[in-house]
Number of protein chains: 4
Amino acid sequence: MDDDARPLRADARRNRALVLEAAEAILARDGLGASMRAIARHAGVGLGTIYRHFPTQEALYQAIIIDRTQRLVDRAQSLHHADDPGAAFFDFFTDIVENATRKKTLADVLADAGIDAKAGMSEISRNMRDAIETLLTRAQRAGAVRDDLHMPELLALLAATCMAAERNQWDRELRTRTLAIVFDGCRPRG
Amino acid sequence: MDDDARPLRADARRNRALVLEAAEAILARDGLGASMRAIARHAGVGLGTIYRHFPTQEALYQAIIIDRTQRLVDRAQSLHHADDPGAAFFDFFTDIVENATRKKTLADVLADAGIDAKAGMSEISRNMRDAIETLLTRAQRAGAVRDDLHMPELLALLAATCMAAERNQWDRELRTRTLAIVFDGCRPRG
Amino acid sequence: MDDDARPLRADARRNRALVLEAAEAILARDGLGASMRAIARHAGVGLGTIYRHFPTQEALYQAIIIDRTQRLVDRAQSLHHADDPGAAFFDFFTDIVENATRKKTLADVLADAGIDAKAGMSEISRNMRDAIETLLTRAQRAGAVRDDLHMPELLALLAATCMAAERNQWDRELRTRTLAIVFDGCRPRG
Amino acid sequence: MDDDARPLRADARRNRALVLEAAEAILARDGLGASMRAIARHAGVGLGTIYRHFPTQEALYQAIIIDRTQRLVDRAQSLHHADDPGAAFFDFFTDIVENATRKKTLADVLADAGIDAKAGMSEISRNMRDAIETLLTRAQRAGAVRDDLHMPELLALLAATCMAAERNQWDRELRTRTLAIVFDGCRPRG
DNA sequence: TATGAATGAGTATTCATTCAT
DNA sequence: GATGAATGAATACTCATTCAT
């Protein structure tokens with residue numbers, strides 16, 4: 001809670017990044033059974049170093065989620081001015097799900113976004129909602145997505161497909177077929 | 001080892017059921033971190049009693065999944081001869097997702113079904129696939145569901161919506177809206 | 001402690017014997033890790049039946065030891081009037097060790113005999129000492145065993161060889177060679 | 001896995017020794033029923049500390065045995081160049097047995113040596129056999145021990161006397177008397 | 001500042017023993 | 001009397017977290 005925004009020495013910043021990377025890798029491999037020691041070993045740092053950067057396992061996991069959320073925001077924003085808003089919307093959706101099969105914990109990001117929506121939402125999470133909403137609105141204005149598709153169900157669909165894709169390792173074919181159904185459901189009838 | 005299918009004393013059967021119920025409740029509350037002790041306490045039995053009925057935590061969890069799968073099969077089969085095959089199909093889907101918000105671990109059943117489909121599938125799991133496939137086929141014959149919707153993506157969609165609904169506790173409104181999209185995607189294009 | 005010497009119904013006596021036999025077999029197989037349940041299963045009786053005859057695991061084990069001790073006494077006494085007292089002595093020793101490789105817990109009998117010697121010795125244990133002492137004395141009178149070999153070290157040698165033979169499963173050859181040394185040590189010096 | 005023979009921090013080495021000592025003490029007191037917790041308490045360290053040094057109860061016990069074996073090897077080798085090879089042989093035997101009455105688990109070392117002899121024997125165990133064999137051979141060349149006494153029965157005798165001495169806490173008198181018999185059996189006749 | 005040794009609460013599981021059937 | 005279901009204390013072991021080096 002203290003914003004302690006000192007610039008962090010170069011090696012310290014590097015260690016922080018190493019830990020985050022290792023944590024993602026180990027989480028992907030071991031799931032919830034991942035241990036702090038395994039992460040430290042994979043990162044090539046001592047256990048204490050993890051705790052210097054993240055006071056708690058919980059804190060480390062949150063940092064990962066923030067990390068992921070930011071990347072997701074970046075991807076969404078990079079499509080905000082695409083020529084074809086419909087394609088941008090569906091491409092974004094497809095990319096997100098494809099990514100989920102590779103890196104776990106992505107689904108959590110989206111899942112929690114829906115929850116946070118109700119309560120006080122952290123800034124980063126709000127950014128994500130906004131970035132996605134922009135994609136949605138533009139696609140709707142372009143007539144590529146039905147007007148009665150709203151954010152809650154869109155986030156729900158994103159979270160659902162990501163969770164399942166990541167848990168069951170959807171292959172390309174299954175991903176394509178399943179999203180085809182969902183996308184058709186998103187398009188205007190008629 | 002020995003199949004020992006003796007009928008089980010009345011009190012023993014009751015305890016077995018108590019344990020299963022408690023396990024579901026505790027799993028819903030604590031997730032994968034649920035402890036055998038917590039389950040025993042919730043069931044009001046000693047730790048040893050759990051182990052008498054289920055030699056292993058793993059075995060207990062599998063028993064729960066089998067239990068759930070069977071209930072799902074029952075529900076599907078009860079709709080096999082419904083007058084309106086289209087309504088039967090969508091009602092089943094809706095019911096399943098609604099249930100998932102109440103009882104966790106339902107999603108796992110469906111998730112694993114997709115996986116097992118490829119490899120050797122246990123009998124109970126195969127039953128489930130068959131029961132669902134019947135619903136699908138009838139709905140397609142009735143023209144209520146598009147013909148190019150196949151089992152893999154149907155199971156994927158069921159698993160995805162159940163997982164998300166259960167994790168994020170979708171309320172009635174969100175459930176209705178989200179499924180509306182998916183269902184539209186399942187219908188033949190007009 | 002209450003001598004409760006009611007004659008025991010025929011089936012009860014049979015069960016008692018079954019349990020004792022099973023206990024020996026399981027102890028030989030599983031060593032100290034033997035469980036009451038395994039013994040019950042091997043005996044083909046319920047757990048409760050064991051506890052009806054032996055109030056405690058400890059009590060069961062003691063019963064086994066008493067059993068064994070008695071058999072050892074019988075064997076010794078059967079040799080008390082042998083024609084060749086020297087051969088009787090060494091044959092007894094050899095038999096005991098040979099038996100130890102087959103049935104565990106024999107060593108305990110002899111080991112404890114040495115200990116009890118000092119303190120108050122139970123009747124059965126005293127019988128054993130007496131029976132062995134008779135063999136020893138006769139062998140000494142016959143000039144086959146040195147006169148300065150006394151009971152304490154004789155019991156120590158018996159216990160030692162039994163323990164080792166049983167723990168390491170001495171084969172016939174090793175048994176013969178090792179006892180040859182000990183026996184030579186027992187003979188009068190020429 | 002990785003041999004990781006880092007020199008170990010001073011306090012860590014001290015704790016490792018503390019654990020080994022405590023384990024010996026508790027094993028001597030409680031026998032095979034000794035619990036890891038009891039050992040930790042006796043050593044004045046946390047449970048986790050034991051597991052840092054010995055990944056498994058089994059591993060801890062093996063470490064103790066290796067420790068003991070090494071000490072036994074040292075003692076034997078220190079007598080390899082004694083002036084009187086006969087005295088060296090019998091002194092070694094006597095020392096070993098005397099030690100067994102104080103520290104348990106010594107018998108196991110010798111017992112297992114006999115067994116390992118047949119199969120692949122670990123290096124340390126082979127060292128022990130070699131060291132003892134040297135004592136034996138020198139004593140035989142000096143005419144103090146009969147030529148037909150071979151390693152298998154010598155190890156058997158050592159194991160037997162150690163086991164019994166340790167189990168029944170042979171006092172000095174009993175030790176002397178019993179070994180006198182065995183030693184006479186080891187001497188050349190005539 | 002980084003390291004990894006130490007800690008101990010928490011986990012699954014076993015087993016002697018009791019007691020309702 | 002016999003059975004085996006229920007009990008819970010005890011066991012080996014793991015892992016997040018702290019802190020001396």
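Within every chain, numbering begins at 1; the chains are lettered A, B, ... in the order of the sequence lines, protein sequences first and strands thereafter.
Comparing F:dT17, E:dA12, E:dT18 against the side chain of B:Tyr51 picks out E:dA12 as the nearest.
Going from atom OH of D:Tyr61 over to atom P of F:dT11 covers 11 Å, rounded to whole Å. For the pair A:Leu32 CG and F:dC15 P, the interatomic distance rounds to 13 Å; values are reported in whole Å. E:dT11 atom C1' lies 16 Å from atom CE of D:Met36, rounded to whole Å. Taking atom CZ of residue C:Arg41 and atom C1' of nucleotide E:dT14, one finds them 13 Å apart after rounding to whole Å. A straight line from CD1 of B:Ile39 to P of E:dT11 spans 11 Å, rounded to a whole angstrom. Across the protein-nucleic acid pair, D:Asp30 atom CG and F:dT11 atom P stand 10 Å apart, rounded to whole Å. Per the geometry, CD belonging to D:Gln57 stands 13 Å off C1' belonging to F:dA10, to the nearest Å. Atom-to-atom, CG of D:Leu60 to P of F:dC13 comes out at 10 Å; the value is rounded to the nearest Å.
Heavy atoms from other residues, nucleotides or ligands lying under 6.0 Å from CZ of C:Arg14 number 12 at most.
Minimum heavy-atom separation, B:Ala25 to B:His42: CB-NE2, 3.7 Å. A:Pro55 and A:Ala59 get closest at one heavy-atom pair: CD-CB, 3.8 Å. Nearest heavy atoms, C:Phe54 versus C:Ala63: CE2-CB, 3.5 Å.
Using a 4.0 Å heavy-atom distance criterion, A:Ala34 is classed as a sugar-phosphate-only contact.
For the side chain to side chain contact (heavy atoms under 4.5 Å, CB included) criterion with A:Ile50, the lone passing option out of A:Val19, A:Leu18, A:Thr56 is A:Val19.
F:dG8 is paired with E:dC15 under the Watson-Crick or G-U wobble criterion, all donor-acceptor distances under 3.5 Å. Of the nucleotides present, F:dT3 is the one that pairs with E:dA20 by Watson-Crick or G-U wobble criteria, both distances under 3.5 Å.
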N/O to N/O distances under 3.5 Å, protein versus nucleotides 6-10 of chain E:
{"from": "E:dA6", "atom 1": "OP1", "to": "D:Asn15", "atom 2": "ND2", "distance (Å)": "2.2"}
{"from": "E:dA6", "atom 1": "OP2", "to": "D:His53", "atom 2": "NE2", "distance (Å)": "3.0"}
{"from": "E:dT7", "atom 1": "OP2", "to": "D:Gly46", "atom 2": "N", "distance (Å)": "2.6"}
{"from": "E:dT7", "atom 1": "OP2", "to": "D:Thr49", "atom 2": "OG1", "distance (Å)": "2.4"}
{"from": "E:dG8", "atom 1": "N7", "to": "D:Gly48", "atom 2": "N", "distance (Å)": "3.4"}

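At least one donor-acceptor pair closer than 3.5 Å links the side chain of C:Thr69 to the backbone N or O of C:Ile65.
One finds no salt bridge joining C:Arg68 and C:Glu166 here, because no Lys/Arg side-chain nitrogen approaches an Asp/Glu carboxylate oxygen to under 4.0 Å.
At E:dT13, one or more side-chain N or O atoms of B:Thr56 fall inside 4.0 Å of OP1 or OP2 (strictly under the cut-off).
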